[in-house]
Amino acid sequence: MGRLLTVNNLTTEFKTERGTVRAVDGISYHVDEGEILGIVGESGCGKSVSQLSLMQLIPTPPGRVVAGTAEFSGVDLLKYKKKSKEMCSIRGREISMIFQEPMTSLNPAMNISKQMSEVLINHLNVDKKEARERSIDMLAQVGIPDPGKRIDDYPHQLSGGMRQRVMVAMAMLCTPKMIIADEATTALDATIQAQLLELLHSIVDKYRVALVMVTHNLGVVARYADRINVMYAGRIVETGTTKEIWANPMHPYTEGLISCVPKLGERLEPIQGKPPTLINRPNTCAFLGRCKYRTDACFKEPVADLTHFEGQHATACNVRLKEAGR
Amino acid sequence: MTNQETTTNVTMDTAEGGIAINNLKMYFPVRRGIFKTKVADIKAIDGVSFSIKPGETLGLVGESGCGKTTVGRCIMRIYKPTEGSIVFKGQNISEVSEKKLRPIRRDMAMVFQDPYSSLDPRMSSGSTVGEPLLIHKLTKSRQEYKDRIDELFTIAGLSPDMADRYPHEFSGGQRQRLSIARALAGDPSLIVCDEPISALDVSMQAQILNLLQELQEKSKKMSYLFISHDLLAVQYISHRVAVMYLGRIVETAKSDELYSNTCHPYSQALLSAQPVPDPVEEETRQRIILTGDLPTPLNPPPGCAFHTRCPKAVKECSESTPVLRDIGNEHYVACHRV
């Protein structure tokens with residue numbers, strides 16, 4: 001498997017009246033071709049912002065990518081201007097995004113046919129008739145019954161699950177190399193969510209597209225992701241293959257996340273407290289206030305960088321790294 | 001409705017707390033045209049019966065549009081049910097007038113899903129929690145009122161000196177704690193929790209679940225109706241669980257029984273659709289992926305409403321409506337194929 005995307009030291013800041021919020025704080029990770037990467041974390045941990053940053057979709061001002069590189073098939077995405085020709089030809093063609101709320105990502109005043117054809121006409125220069133045919137074909141592939149008819153529907157005529165299928169179809173139209181699914185199934189019902197996850201998985205398999213799943217639901221990534229990045233307060237605190245992380249969660253936050261999902265007959269162990277504010281954070285570990293393994297040294301030392309432990313497993317916990325002799 | 005009635009203890013004595021609901025129906029009329037003539041009914045709830053004993057938690061599970069929230073709202077009498085009885089504190093509150101409802105409502109409270117819209121942004125958190133005390137005249141003096149608010153804040157795990165703050169200064173989890181403090185003000189015997197943790201982050205969800213459970217253990221007589229689509233949370237907090245589909249209960253049993261011996265095909269599908277956060281277990285787990293969407297309650301399919309998506313459906317399923325029947329061990333299922 002070749003490397004598809006290498007993100008290095010990505011840092012995104014937002015200027016607010018109360019100070020600068022460092023939403024993404026120097027994260028580095030990679031995505032391989034055809035793999036599924038899960039990015040897990042609570043709201044406000046920077047998981048969405050990091051993805052929007054590389055797509056250059058951060059509203060500026062107040063947001064700004066202040067440092068970092070994102071090398072995607074040999075080019076640095078962050079070098080391009082937001083509205084440059086190069087960036088526009090990558091968005092939707094090389095990298096597609098699927099967002100949480102399909103009703104807000106689809107244009108309510110345009111029928112599906114028009115919205116889908118637009119993608120093909122802009123990126124691949126096909127004519128209207130062919131664009132429509134290919135759209136219908138793609139709708140059929142994502143399991144929309146009677147796609148020839150449904151393509152003339154407007155978004156409000158479709159159910160939530162159907163709309164999200166349309167979003168998947170749209171994301172796949174130009175057969176991109178990578179799809180970023182930002183909480184794509186969160187707003188859906190359990191049974192519909194299961195349908196859609198299976199669909200995404202089968203499409204990724206079939207076309208060998210890399211999929212980045214951004215979610216707060218550990219269950220979703222446990223089943224589908226090959227690797228997982230756990231994010232907290234703008235940083236990646238743990239990364240590894242799904243199995244490595246489950247068998248041996250290194251970072252206390254990951255451990256907490258896993259143990260606060262209800263299991264039968266066991267008392268829940270919630271993580272106490274709440275995430276810290278991201279304004280003018282000191283250089284110590286952000287999880288400090290909620291951590292049950294903290295030592296006095298944690299309060300003084302700057303937080304460790306993501307350090308490899310074994311296999312693909314890496315963590316940024318001072319205490320755990322010391323225990324492991326790193 | 002013969003079998004369905006036997007599923008609940010309709011004659012249950014609710015004087016000590018708890019609630020008994022019998023054959024509850026809630027139809028919303030669909031009106032069209034300039035005369036607003038009624039053209040159809042949306043049958044949001046179509047014959048639901050259950051009871052909750054004092055100190056018990058009933059989990060009500062189902063997908064959006066199945067009527068679970070409507071059940072909660074009928075119990076609170078936010079809606080006046082079309083038909084059926086709700087027996088609470090020994091009286092049928094489904095017919096009681098608004099005026100007579102007020103003292104009854106002291107004994108029941110509701111916690112809503114969205115802690116952002118269920119708290120008044122222009123009321124300080126202290127007065128939000130204290131409002132029920134004033135409405136029901138539960139405190140005699142200014143000092144007593146203040147003390148009670150402090151007490152409620154502490155019970156809900158908030159610091160009493162936060163009482164001067166406004167909702168926007170609280171995080172999601174803290175806001176939900178505020179809603180719980182407000183719900184506890186009248187010392188209720190029943191709390192309807194409508195998706196109380198759905199809008200929260202995972203680590204906050206666990207905190208709120210534990211808080212609810214501790215409160216119940218302390219009071220001993222407080223009942224919960226816990227409405228949620230999150231099966232893992234429901235399994236964790238509930239003593240009994242009822243699964244709803246398109247306005248009806250399709251399966252109900254004790255919590256461990258329902259999860260270990262799931263009988264209705266819909267419950268099975270729902271359970272298997274729930275992602276389990278464990279990659280090893282997920283590898284071996286069989287998944288039932290349902291096809292299609294939930295049908296509209298405006299025009300529900302004939303017979304068993306689930307037959308359009310059911311992997312086990314036979315001809316009979318589209319012809320006659322199955323009723324809940326006892327399959328032993330207080331386990332009731334409404335399915336022809338079980």
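None of these values were measured; they are calculated from a predicted model.
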Trainee: For B/Leu232, is it the side chain, the backbone, both or neither that has a heavy atom under 4.5 Å from a heavy atom of chain A?
Mentor: both
Trainee: Just give me the residue among B/Ala233, B/Ser272, B/Ala206 that pairs up with chain A most often, heavy atom to heavy atom, under 4.5 Å.
Mentor: B/Ala206
Trainee: Please classify the contact of B/Leu209 with chain A as side chain, backbone, both or neither, using a heavy-atom distance under 4.5 Å.
Mentor: side chain
Trainee: What distance do A/Thr242 atom OG1 and B/Asp278 atom CG have between them, rounded to the nearest 0.5 Å?
Mentor: 11.5 Å
Trainee: For the interface with chain B, which of A/Glu269, A/Gln272, A/Gln193 has the highest count of heavy-atom pairs at distances below 4.5 Å?
Mentor: A/Gln272
Trainee: Supply the atom-to-atom distance B/Leu271 CG to A/Thr191 OG1, rounded to the nearest 0.5 angstrom.
Mentor: 12.5 Å
Trainee: Please determine whether side chain to side chain contact (heavy atoms under 4.5 Å, CB included) holds for the pair A/Leu218 and B/Val202, giving the CA-CA distance in whole Å, both sets of side-chain angles, and the decisive distance to 0.1 Å.
Mentor: CA-CA 9 Å; A/Leu218 280 173; B/Val202 213; 5.7 Å; no
Trainee: With side chain to side chain contact (heavy atoms under 4.5 Å, CB included) as the test, would you mind laying out the steps for B/Met204 and A/Cys260 before giving the verdict?
Mentor: CA-CA 9 Å; B/Met204 294 298 154; A/Cys260 67; over 6 Å; no
Trainee: Nearest 0.5 Å please: distance from the CG atom of A/Leu196 over to the CD1 atom of B/Ile289.
Mentor: 10.5 Å
Trainee: Give, as side chain, backbone, both or neither, the part of B/Gln213 having an atom under 4.5 angstrom from any heavy atom of chain A.
Mentor: side chain
Trainee: Heavy atom to heavy atom, less than 4.5 Å: which residues from residues 155-163 of chain B reach chain A?
Mentor: none
Trainee: For chain A, which candidate among B/Val280, B/Asn210, B/Leu290 shows the most heavy-atom pairs at distances under 4.5 Å?
Mentor: B/Asn210
Trainee: Roughly how far, to the nearest 0.5 Å, is the CZ atom of B/Arg287 from the CD atom of A/Glu198?
Mentor: 5.5 Å
Trainee: For B/Ser203 and A/Arg290, which heavy atoms make the closest approach, and how far apart are they?
Mentor: OG-NH2, 3.2 Å
Trainee: Pick one of side chain, backbone, both or neither for A/Val220, based on which atoms fall under 4.5 Å of a heavy atom in chain B.
Mentor: both
Trainee: Spell out the residues in residues 56-67 of chain B that have some non-hydrogen atom less than 4.5 Å away from a non-hydrogen atom of chain A, in order of number; otherwise answer 'none'.
Mentor: B/Glu63, B/Ser64
Trainee: Give, for atom OG1 of B/Thr291 and atom CD of A/Gln195, the distance between the pair rounded to the nearest 0.5 Å.
Mentor: 7.0 Å
Trainee: What part of A/Glu42 lies closer than 4.5 angstrom to a heavy atom of chain B: side chain, backbone, both or neither?
Mentor: both
